[in-house]
Amino acid sequence: MNDAKSMVEKLYKGNGKLYLACLCVGLITGAIVSCYRWGLGKIGVIRREYFSEVNLNNPMALLKVWALFIVIGLIVNYLFKKFPKTSGSGIPQVKGLILGRIDYKNWFFELISKFVAGVLGIGAGLSLGREGPSVQLGSYVGYGVSKLFKKDTVERNYLLTSGSSAGLSGAFGAPLAGVMFSIEEIHKYLSGKLLICAFVSSIAADFVGRRVFGVQTSFDIVIKYPLDINPYFQFFLYIIFGVIIAFFGKLFTVSLLKFQDTFNGVKLPREIKVCFVMTISFILCFVLPEVTGGGHDLVESLIHQKAIIYTLIIIFIAKLFFTSISYATGFAGGIFLPMLVLGAIIGKIFGECLDLFAATGADFTVHWIVLGMAAYFVAVVRAPITGVILILEMTGSFHLLLALTTVSVVSFYVTELLGQQPVYDILYDRMKKDDDLVDEENQGKITIELPVMAESLLDGKAISEIIWPEEVLIIAIIRNGVEKIPKGRTVMMAGDILVLLLPEKIVGEVKESLMKHTSTE
């Protein structure tokens, strides 16, 4: 019991060295993600300029470009097969790493592979975003620093979370959203030390990013509040819009999973399927370039240009399906930015329809673009606080806080009624785990923290009422910052932090199992 007590004291003591390590993680991640953003920006400009100059009257030039797309696809496919943990957005992998279900055994080479594969794949027009890879790049940095400074599993997880925060912060210039995303979506609970770690690294990454890209927000949006439109009518529209967005959010998740299943189910060599997808990307770069790449420029065009409704519908359908096809390949790239783009398109369509029938004006249409991004993110990811903060930081439209909160809450509630799981949880469940994972460097017993969520299976139950996994000992309960020694009759309450002592080799299995009990189902 003395050993257990010392572990708890270590877990909750102030640790200046840990915060310094988080600062290093943030600075390094900021530099890497800034290079990643810069590379994606440059290759995107090259792609657009080249396709604007080449035309159908030059078949040899077209053939060369098509061959280049195929070669890029095969290179990225080789990296995918060589380093499978770099596939997709990377956010499910970060969750798996924190839960102890996977390990970055070749973290440095995987980091390089993720960087190169992302630049090449997205640069070749695939409809994927930079944010997921940026989050995983940050986790690689956090993992590397933990190895360098020989941190234990608990402090390693702090560094992983810090790196993830820094990655999202650097990707969008949104430090608060980076902190909230790592807590709300990846780590699933909040503690003072975790918050400080995430803030330190996120702010450091944002500082580096601002030295490269400036201090302007990600989206250049000028919003005028519609004072001449009845506020009650506005609020009614926010509710209607939130309901509509929720159904389209479910459509996105279903589409993403169906295309993934179809791609994996087709009985053809993977290389042939990759060539087919790269050919689609090549064609779309000619006929519908708006839907290629992440889509940042498309959002900017929606804000500043008038558009025909049926054209917007075509772009939405094409972007939705091309994003699903692109993600089905497993290539390095996220769905974060494409989600925001799809939400912006729905907002644009909704705003144009309102203007057509109620003459609300172009200024009010811009509102729906911003609201659509936040609500669509919440409908798919089901992280409402992150969604609101992210859009506030990316647009600087803080006077839309009430509207953003309203549509996000409505969207979240409706998706809950629809029984829609968070997309990253679904992708995590589908991800291949390292079932035989054993940490050879440290196979002793360690402590882990688990939160008790409101209305979960543990909330309101006595410790003796729960069948705990073997070899697991509850050594403390942290309630309102005060450590309590638990007994069998001790009742667990929402907000409690359980401190468990268990063998490190079973941490992944136990933590994943208990997290399902501590979270609301």
Side-chain angles (χ1 to χ4, degrees), residues 127 129 131 172-174 177 216-226 229 234-235 237-249 251-252 290-291 293-320 323 335-381 384 386-408 410-411:
S127 181
E131 70 304 316
F172 288 135
Q216 66 273 16
T217 57
S218 293
F219 293 118
D220 179 22
I221 303 179
V222 178
I223 292 183
K224 298 178 182 178
Y225 196 83
I229 299 178
Q234 291 183 44
F235 193 78
L237 292 175
Y238 297 152
I239 295 175
I240 297 299
F241 186 61
V243 173
I244 294 172
I245 283 282
F247 283 93
F248 280 101
L251 173 64
F252 178 85
E290 293 88 349
V291 305
H296 185 278
D297 292 336
L298 176 56
V299 175
E300 294 281 357
S301 68
L302 293 174
I303 294 167
H304 301 293
Q305 298 177 15
K306 188 75 174 176
I308 301 174
I309 293 176
Y310 74 80
T311 302
L312 291 172
I313 294 174
I314 293 173
I315 292 175
F316 176 84
I317 294 173
K319 184 69 174 177
L320 173 65
T323 299
I335 55 176
F336 216 96
L337 186 55
M339 271 191 291
L340 299 183
V341 174
L342 290 170
I345 296 172
I346 297 174
K348 179 75 169 181
I349 294 173
F350 189 81
E352 293 289 351
C353 291
L354 276 179
D355 188 29
L356 185 64
F357 292 104
T360 53
D363 291 338
F364 199 37
T365 300
V366 177
H367 285 227
W368 299 109
I369 296 174
V370 176
L371 298 179
M373 289 191 286
Y376 205 74
F377 174 86
V378 172
V380 177
V381 181
T386 300
V388 172
I389 293 176
L390 177 66
I391 300 305
L392 286 176
E393 289 190 290
M394 291 182 70
T395 64
S397 307
F398 285 89
H399 59 280
L400 286 183
L401 179 59
L402 175 61
L404 284 168
T405 305
T406 302
V407 296
S408 296
V410 172
S411 176

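Reckoned from all heavy atoms, side chains included, excluding hydrogens, waters and symmetry mates.
Classified by interplanar angle (parallel below 30°, tilted 30° to 60°, perpendicular above 60°), the ring pair Tyr376/Phe252 is perpendicular. Using cut-offs of 30° and 60° on the angle between ring planes, the pair Phe336 and Phe172 is tilted.
Nearest heavy atom pair, residue Val370 against residue Leu404, reads O-CD2, 4.0 Å. The two residues Lys319 and Gly293 make their nearest non-hydrogen contact at NZ-O, 2.8 Å. Taking both residues in full, the closest heavy atoms of Gly249 and Ala379 are given as CA-CB, 4.0 Å, listed atom of the first, atom of the second, then distance. When all heavy atoms are compared, the tightest approach of Val378 to Ser408 is CG1-O, 3.5 Å.
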CA sep, side-chain torsions, deciding dist, call: Phe377, Thr386, side-chain contact (heavy atoms from CB on, under 4.5 Å) = CA-CA 9 Å; Phe377 174 86; Thr386 300; 4.0 Å; yes

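With a 4.5 Å cut-off on side-chain heavy atoms, Ile391 and Leu340 count as touching. With a 4.5 Å cut-off on side-chain heavy atoms, Ile245 and Phe350 do not count as touching. Phe364 is listed as a side-chain neighbour of Leu237, based on a closest heavy-atom distance under 4.5 Å. When side chains are defined from C-beta on, Ile346 counts as touching Phe316, because their heavy atoms get closer than 4.5 Å. In this structure, Leu251 and Phe248 have side chains that are in contact, with non-hydrogen atoms separated by less than 4.5 Å. When side chains are defined from C-beta on, Ile309 counts as touching Ile349, because their heavy atoms get closer than 4.5 Å.
Of the residues Val407, Leu354, Val410, the one that meets the side-chain contact (heavy atoms from CB on, under 4.5 Å) test with Phe241 is Val407.
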Contacts table for residues 294-303: side-chain donor-acceptor under 3.5 angstrom, sequence neighbours left out:
residue: His296; atom: NE2; partner: Ser218; partner atom: O; Å: 2.8
residue: Asp297; atom: OD2; partner: Arg48; partner atom: NH1; Å: 3.3
residue: Asp297; atom: OD2; partner: Arg48; partner atom: NH2; Å: 3.3
residue: Glu300; atom: OE2; partner: Asp220; partner atom: N; Å: 3.1
residue: Ser301; atom: OG; partner: Leu298; partner atom: O; Å: 2.6

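From Thr395, atom OG1 reaches atom CG of Leu390 across 9.0 Å, with rounding to the nearest 0.5 Å.
In this structure Ala246 satisfies the side-chain contact (heavy atoms from CB on, under 4.5 Å) test together with Ser411, Val414, Thr415, sequence neighbours excluded.
Distance alone, capped at 3.5 Å, is enough to place a donor-acceptor pair between the Glu131 side chain and the Leu337 backbone. A distance-only check finds no donor-acceptor pair linking the side chain of Lys348 to the backbone of Ile369 [under 3.5 Å]. Looking at Glu393, its side chain does come within 3.5 Å of a backbone N or O of Ala177 through a donor-acceptor pair.
Surrounding CZ of Phe398 are more than 12 heavy atoms belonging to other residues, nucleotides or ligands, all under 6.0 Å away.
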